[in-house]
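Working notes for the structure below.
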Amino acid sequence: MDYKIIESFHYGHSIHAYKVFGAHFVNENGLDGVRFTLWAPHARHVSVVGSFNNWNGADTQMERITNSGIFSLFIPGVKKNDLYKYRIVDNGGNVFDKADPFAYFSELRPNTASVCYDVFNFKWTDSKWMKARTKNFDKPLNIYEVFAGAWKFDEDGKPLNYVDLAKQLIPYVKEHGFTHIELMPLNEHPFDGSWGYQANGYYSCTSRYGEPKEFAKFVDMCHKNNIGVIMDVVPVHFVKDSHGLRMFDGQPLYEYEKDYDANSEWGTCNFDLWKEEVRSFLMSSCSFWADIYHVDGIRFDAISNLIFWSGNKGRGTNEGALAFVKRMNYYLSKEYHGLMLIAEDSSDFPKVTALTIDGGLGFDYKWDLGWMNDTLSYYKLDPIYRKWHHNKINFSMAYFYSERYLMPFSHDEVVHGKLTIIDRMWGNYEQKFAQARNIYLYMFTHPGKKLNFMGNEMAMYREFDEKKELDWFMLKYPAHDAFLRYFTDLSKIYIGHPSLYRYDYEYKGFKWIDADNNQQSIYTYYREAEEEVIVVVLNMTPVSYEHFRVNVPYKGKYVELINSEKDIYDGCNMCNYEPLKTINDSLNKQQYLDIRVAPFAGIMFIHKKAKKKDAKKKGKENNV
């Protein structure tokens, strides 16, 4: 028994509590079995009951090994996949069974027992990946958000398991230019319709899709194919189901004592983030996924509900929760090289992505939900009225450098009657596709890392439903097939051109050319790195131009890199096929291009900078 971990657990500074608590396969006194360890300070007695003793705890009462409420018991002969629960007698004499808060595996719902499982002996082959990974600040980060239960079904109409996901999902994300897979919560949860966001097993990889070792193999295969894995977690609230954490030992333990604070808007219980043991429980849970499953990032749900009491700014900041999140992010960043910590935060709370030593919360990225809302509301407008809402597009760069933002079109945007991304676009069928192509070129050229929910890449019309797989049949239709090709080309351009990612969070990486052309509703800007410049033109109206002037930062040749209206993308094919040379405007001391712009076109032009040696040579020749 590691009493240092137990001490750290009570002080709220443990990120390795799972190495003590839970069910561990051990050999004691020459006997193989399992040692069970539990924190239940208000319990009078605790017994281990399970399939190995016919659910009778008469001979398996746990020993209280500390005054702080730690119970432990070694039971010889317990084997892998044996089921168990803790039978608790509270101070009032009430008897009830609870699943293990630290269980590493659980029964398939609707059953609720914990499962004895050894997660500590998986043989990894990803050491090269793990040593080389970074937080990707100056690298491309193109995330494919996936609900594992509804990406694709097998021949029997059931969701793919972890093994089949590895075989089918990994090649798919590679083919279409994604760098990372973000998995909606895989923590064990009782209700499918919660999508995992109402969890119970914070250390238990859901049994819906297979065993923990199969999920570990999935991650290992992702790394072998240079794909990172990001895990969604929910540090704010948990389900009220009777077998879970609520009133765990007969009194509020993981939740707040006052009902007003304990009950969340989702019908769940809020974690008491002022309690040191609860802090250790949640920090260790995140550490567990990084340590045991080698995940490359953790996306934290509903952070605004952590920053403010119940997410209500009027109630003020939850200082205990803020202390918890700063501590957690500090320890996780220190312990796990290259682990990305991502906040889904809809608030305007400052310094979310600043270092904790600088007074920040310590996240690496924050979802830019303001950008998402402004952008989608703009594209929904009739183009006639867009000139009066011009700032919905240019406003994002007024605040962008205040945080390290990630640009999301997530599952939240394609559910509950909001319509899907393509269906939010204004106009008829063809116009919706044209503007969907436009909005994605805007997304991939805007500073900040990218995230898209599954189905966005094929312009799916149906909203997300956890009971149905993606509408793969839509790829039989030319418009959707062409859109997937376009999205793939955009993704590969993004990951292949440093100007689109290297200086995302530095001023030198982005410059407006014209942010104020509201009369024509055309935006022009450029992205820059040492070797190249990419000039972007976004036409937000159905008006075309045979001659449109775009000022550019450097003299020379510009080549159209991609045009959303090219015929292979089901566009009108009004493009700039030949390389364009800059025209000198000596009066205004500017260089510009004379380009063609199709209705609703999104266009990238690339200019390759001369290498330093070539530039010096050219300078000498000019001086001769």
Side-chain angles (χ1 to χ4, degrees), residues 15 126 128-146 173 177-187 215 218-220 222-223 225-235 282-303 306 325-345 351-358 360-369 371 400 403-411 447-453 491 494-495 500-506:
I15 63 170
D126 65 348
K128 184 177 179 180
W129 167 274
M130 295 296 287
K131 290 177 182 176
R133 75 177 184 183
T134 71
K135 291 178 180 286
N136 300 293
F137 296 146
D138 61 350
K139 292 181 171 58
L141 182 57
N142 190 21
I143 302 168
Y144 190 54
E145 186 190 23
V146 173
V173 299
F178 295 100
T179 65
H180 287 69
I181 298 168
E182 179 174 321
L183 294 160
M184 291 164 68
L186 292 179
N187 303 96
F215 175 66
F218 168 82
V219 176
D220 201 43
C222 283
H223 291 171
N225 286 274
N226 295 314
I227 300 295
V229 177
I230 299 168
M231 181 65 62
D232 271 18
V233 300
V234 186
L282 288 169
M283 292 192 302
S284 293
S285 171
C286 294
S287 174
F288 177 82
W289 291 94
D291 178 14
I292 301 301
Y293 293 116
H294 288 200
V295 301
D296 305 290
I298 299 174
R299 178 265 195 189
F300 297 86
D301 185 60
I303 290 299
L306 182 151
V325 78
K326 290 177 183 179
R327 186 184 300 174
M328 175 183 68
N329 288 341
Y330 172 78
Y331 281 135
L332 292 176
S333 291
K334 183 179 179 181
E335 182 78 6
Y336 300 106
H337 166 76
L339 179 69
M340 295 179 290
L341 306 173
I342 304 167
E344 188 262 327
D345 172 28
K351 303 178 77 171
V352 171
T353 57
L355 295 173
T356 55
I357 59 174
D358 295 328
L361 296 188
F363 290 104
D364 299 308
Y365 296 101
K366 171 179 173 172
W367 279 20
D368 194 346
L369 297 172
W371 170 85
F400 181 80
E403 299 280 4
R404 205 177 290 111
Y405 281 110
L406 185 153
M407 327 309 290
F409 285 155
S410 74
H411 68 276
K449 311 309 178 183
K450 325 299 177 189
L451 178 143
N452 271 282
F453 184 57
S491 294
Y494 165 67
I495 64 178
L500 296 177
Y501 60 76
R502 183 179 294 160
Y503 297 113
D504 271 337
Y505 305 108
E506 298 183 40

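Values reported hereafter were calculated over all heavy atoms of this structure, with side chains retained and with hydrogens, waters and symmetry mates removed.
Residue Arg133 comes nearest to His294 through the heavy atom pair NH1-O, 3.8 Å, listed as atom of the first residue, atom of the second, then distance. Contact record, Ile298 with Cys286: CD1-O, 3.6 Å, taken as the closest heavy-atom pair. A pairwise comparison of heavy atoms in Ser491 and Gly177 identifies CB-O, 3.6 Å as the closest pair. In this structure, Leu282 and Pro235 approach most closely via the heavy-atom pair CD1-O, 3.6 Å. In this structure, Leu341 and Gly362 approach most closely via the heavy-atom pair CD1-O, 4.2 Å. Shortest non-hydrogen contact noted between Pro140 and Tyr494 is CA-OH, 3.5 Å.
Distance CG/Leu355 to CG/Asn329: 10.5 Å, rounded to 0.5 Å. Note: Leu339 CG to Ile230 CD1 = 9.5 Å, rounded to the nearest 0.5 Å. Note that CD1 of Ile15 and CE of Met283 are 7.5 Å apart. Values are rounded to the nearest 0.5 Å.
Remark: side-chain polar atoms of Tyr365 are paired, donor with acceptor, to backbone N or O of Lys135 under 3.5 angstrom. No donor-acceptor pair under 3.5 Å is formed between the side chain of Glu145 and the backbone N or O of Glu182. Here the side chain of Lys366 pairs no donor or acceptor atom with the backbone of Glu344 at under 3.5 angstrom. A donor-acceptor pair under 3.5 Å is formed between the side chain of Thr179 and the backbone N or O of Asn142.
Legend: residues meeting side chain to side chain contact (heavy atoms under 4.5 Å, CB included) with Lys326, ordered by chain and number and at least two apart, are Thr356, Leu361. Every residue meeting the salt bridge (Lys or Arg N to Asp or Glu O under 4.0 Å) condition with Asp301, not counting sequence neighbours, appears here in chain and number order: Arg299. Legend: residues meeting side chain to side chain contact (heavy atoms under 4.5 Å, CB included) with Lys139, ordered by chain and number and at least two apart, are Thr134, Asn136. Residues forming a side chain to side chain donor-acceptor pair (under 3.5 Å) with Asn187 (at least two apart in sequence, or on another chain): none. Residues satisfying the side chain to side chain donor-acceptor pair (under 3.5 Å) criterion with His223, sequence neighbours excluded, are Asp126, Trp129, Asp296. Applying the salt bridge (Lys or Arg N to Asp or Glu O under 4.0 Å) rule to Arg404 yields no partners; only residues at least two apart in sequence or on another chain are considered. Under the side chain to side chain donor-acceptor pair (under 3.5 Å) criterion, Tyr501 pairs with no residue, sequence neighbours left out. For Trp289, the ring pair (Phe, Tyr, Trp, His ring centres under 6.0 Å) criterion is met by Tyr293, not counting sequence neighbours. Under the rule for a salt bridge (Lys or Arg N to Asp or Glu O under 4.0 Å), Lys450 has no partner lying at least two apart in sequence or in another chain. For Phe409, the ring pair (Phe, Tyr, Trp, His ring centres under 6.0 Å) partners two or more places apart in sequence, or in a different chain, are Trp371, Tyr440. For Tyr331, the side chain to side chain donor-acceptor pair (under 3.5 Å) test picks out His13, with sequence neighbours left out. Shown here are the ring pair (Phe, Tyr, Trp, His ring centres under 6.0 Å) partners of Phe218, two or more places apart in sequence or in another chain: there are none.
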With side chain to side chain contact (heavy atoms under 4.5 Å, CB included) as the test, would you mind laying out the steps for Phe137 and Asp364 before giving the verdict?
CA-CA 9 Å; Phe137 296 146; Asp364 299 308; 3.8 Å; yes

Go through the steps for Val325 and Phe300 under the test side chain to side chain contact (heavy atoms under 4.5 Å, CB included), then give the verdict.
CA-CA 10 Å; Val325 78; Phe300 297 86; over 6 Å; no

Does the pair His180 and Leu141 meet the rule for a side chain to side chain contact (heavy atoms under 4.5 Å, CB included), with working shown?
CA-CA 7 Å; His180 287 69; Leu141 182 57; 3.2 Å; yes

Take Lys449 and Asp504 through the test salt bridge (charged side-chain N to carboxylate O under 4.0 Å, His left out) and record every step on the way to the result.
CA-CA 8 Å; Lys449 311 309 178 183; Asp504 271 337; 2.9 Å; yes

Could you go through the side chain to side chain contact (heavy atoms under 4.5 Å, CB included) check for Trp367 and Ile342 one step at a time?
CA-CA 8 Å; Trp367 279 20; Ile342 304 167; 3.7 Å; yes

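A 4.5 Å side-chain heavy-atom check between Val233 and Ser285 finds every atom pair outside the cut-off.
Side-chain contact of Ser287 with Tyr336: a donor-acceptor pair under 3.5 Å is present, judged by distance alone.
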